[in-house]
Amino acid sequence: MFKIKQLTQPFISVDLVLFFLRITVGSLIFINHGIEKILTFNHMLSIFPDPVGIGQFPSLIFALLADGICSILLIFGLFTRISAFVLSINLLIALVLFHKLQITEVHGELVAVYLAITLMIFLYGPGTISIDKLLNNKFTK
């Protein structure tokens, strides 16, 4: 009969996986949501939803902070856990209050996937392939 060899070692390191996830998710969020908020801020201000009742301007500012700034920080692995946390809060608000937890819809499903990945990055941290790690090494010597 055929025997399947069990793998005792992972194919690639967790640090490489975290690096790839940070680059991918950060880039996708920035390209698809951050750039739009930066370039069309004034227009978006008139149509942006206010899901938590703090006003359109603060809601848009928070979304801009998350999608436009924290996504870039995530890519570089700078202030990674804080950035992943802010992105997770923004994504959770979008999923619960805007998409009404409709994960069977295309956009709801995508938000849920982004949320899962940003929460994982928040919990695991940036990994060793990051500016955070370089700064940590520099200041702990």
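All residue numbers refer to positions in the sequence shown, counting from 1. Hydrogens, waters and symmetry mates are skipped; everything else that's a heavy atom, side chains included, is used.
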Check whether any side-chain heavy atom of Ile38 sits under 4.5 Å from a side-chain heavy atom of Leu64, and report yes or no.
-> yes

Under a 4.5 Å cut-off applied to non-hydrogen side-chain atoms, are Leu78 and Ser130 in contact?
-> no

So, does Arg22 use its side chain to make a donor-acceptor pair with the main chain of Ile121 at under 3.5 Å?
-> no

Return all side-chain donor-acceptor pairs below 3.5 angstrom for residues 91-99, not counting sequence neighbours, or 'none' if the list is empty.
none

Evaluate whether atom CZ of Phe76 has more than 12 neighbouring non-hydrogen atoms of other residues, nucleotides or ligands under 6.0 angstrom away.
-> no

Which distance, rounded to the nearest 0.5 Å, do you find between the CD1 of Ile75 and the OG1 of Thr24?
-> 9.5 Å

Cluster overlap Leu134 with Ile72, hydrophobic side-chain contacts below 4.5 Å = no

Can you list the steps and then say if Phe19 with Asp15 is a side chain to side chain contact (heavy atoms under 4.5 Å, CB included)?
-> CA-CA 6 Å; Phe19 175 73; Asp15 292 316; over 6 Å; no

Judged by atom type as modelled, is there a donor-acceptor pair below 3.5 Å linking the side chain of Asn90 to the main-chain atoms of Ala66?
-> no

Does the side chain of Ile61 come within less than 4.5 Å of Phe41's, by heavy atoms?
-> yes

Could you tell me whether Leu110 atom CG has more than 12 heavy atoms of other residues or ligands within 6.0 Å of it?
-> yes

With sequence neighbours left out, which residue pairs that include part of residues 26-41 fulfil the side chain to side chain donor-acceptor pair (under 3.5 Å) condition?
-> Lys37-Asp67

Ser46 side chain to His43 main-chain N or O, any donor-acceptor pair under 3.5 Å?
-> yes

Validation row: Ile89, Phe62 side chains within 4.5 angstrom (heavy atoms) = yes

